[in-house]
Amino acid sequence: MVRFCLLATFLCFIHRGDSKEADCFPSEWFKSVSMSMKISKAGFHRDLQYSVQWSKIDHEVKALLVQQLPSGVYMDEYQLETLRRDTGLEVLLDSKVDVEAPEYLSSGFTVLVFLSGRREAAVPVHGRYHRPSASSKRVKVYLDPARLLLRSDQCRTARAGLHRVVVEAPCTFSNHSICSWTEILDLQDSGGVSLELPVADSSMLLTVCAGTVLTAVLSCVYLLRNIWKHGSF
């Protein structure tokens, strides 16, 4: 709950003004920063893959990806916890997610992916069931590009500039403090991704329902017949 409150605070208080702190990164260095994302695997269960690159610098750089996800997909917090224990990748959701709800009964949410000590990450993402349609067999779900935030413990946050702003966000996945991060705007190679998901055919509704009911009735008749013939009462 504390993590969710911190994340809500971050989403409500984004500062886009000039910072009075000294520069943490040279202005020219920001030009070397790039971020790309892509979808791998097929079907309802995919991986959202991120890759962040920058040129060599004297101090350690911590990166944080802020990803807005639409109602058409979800992430499983229990799967993410297992992933954190197995690989060390830290992913924080801004709210509880109902993994059973269909797309039309769900809402979007925000994900924080902490890339401390790494440049790449693969985060499991799952498609939700969409409302059946008589006209479309597949639906496309669009994911906006992630926002990239950077900071370092060895120096203070870089002041805002033409292609960057200063924002407040959780310092790490596990602590309860807020830090200043530099958000990079107009990233190189940055672009959203999309995935296609199958949609049920609503014109087959009566056929499927009739077949289901008939199968259930015949199964019950078969079971009752065998119980009556071989069972004991």
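Please read these numbers as outputs of a predicted model, since none were measured by experiment.
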Going by atom types alone, do S180 and E168 pair a side-chain donor with an acceptor below 3.5 Å? yes
Using side-chain heavy atoms (C-beta onward) and a distance below 4.5 Å, is R151 in contact with L149?
no
Taken to the nearest 0.5 Å, the spacing of L92 CG from T110 OG1 works out to 10.5 Å
* Run the side-chain contact (heavy atoms from CB on, under 4.5 Å) check on L69 and Y74 step by step: do they pass? -> CA-CA 7 Å; L69 291 182; Y74 70 91; over 6 Å; no
request  = Name the orientation class of the two ring planes belonging to F173 and F114 (parallel below 30°, tilted from 30 to 60°, perpendicular beyond 60°).
outcome  = perpendicular
Exercise for the section: Using distance alone, with no hydrogens and no angle criterion, decide if S71 and E103 have a side-chain donor and acceptor under 3.5 Å apart. Expected result: yes
Worksheet item: Do the side chains of K96 and E77 get nearer than 4.5 Å, heavy atoms only?
Response: yes
Would you sort out whether C171 and K62 count as a side-chain contact (heavy atoms from CB on, under 4.5 Å), showing the intermediate values? CA-CA 10 Å; C171 300; K62 294 186 176 181; over 6 Å; no
Scanning both residues in full, the closest heavy-atom pair of V141 with P70 reads CG1-CG, 3.7 Å
CD1 (I184) and OG (S34) are apart, to the nearest 0.5 Å, by 11.0 Å
Taken in chain and number order and not counting sequence neighbours, the residues that satisfy salt bridge (Lys or Arg N to Asp or Glu O under 4.0 Å) with K38 are none
Residues L48 and M37: closest non-hydrogen pair is CD1-CE, 3.7 Å
Going by heavy atoms in the side chains, are H126 and V99 under 4.5 Å from each other?
no
Give a yes or no on whether L93 and L105 share a hydrophobic cluster (residues Ile, Leu, Val, Met, Phe, Trp, Tyr; joining criterion: side-chain heavy atoms under 4.5 Å apart).
no
Separation between CD (E90) and CG (L80), nearest 0.5 Å, reads 11.5 Å
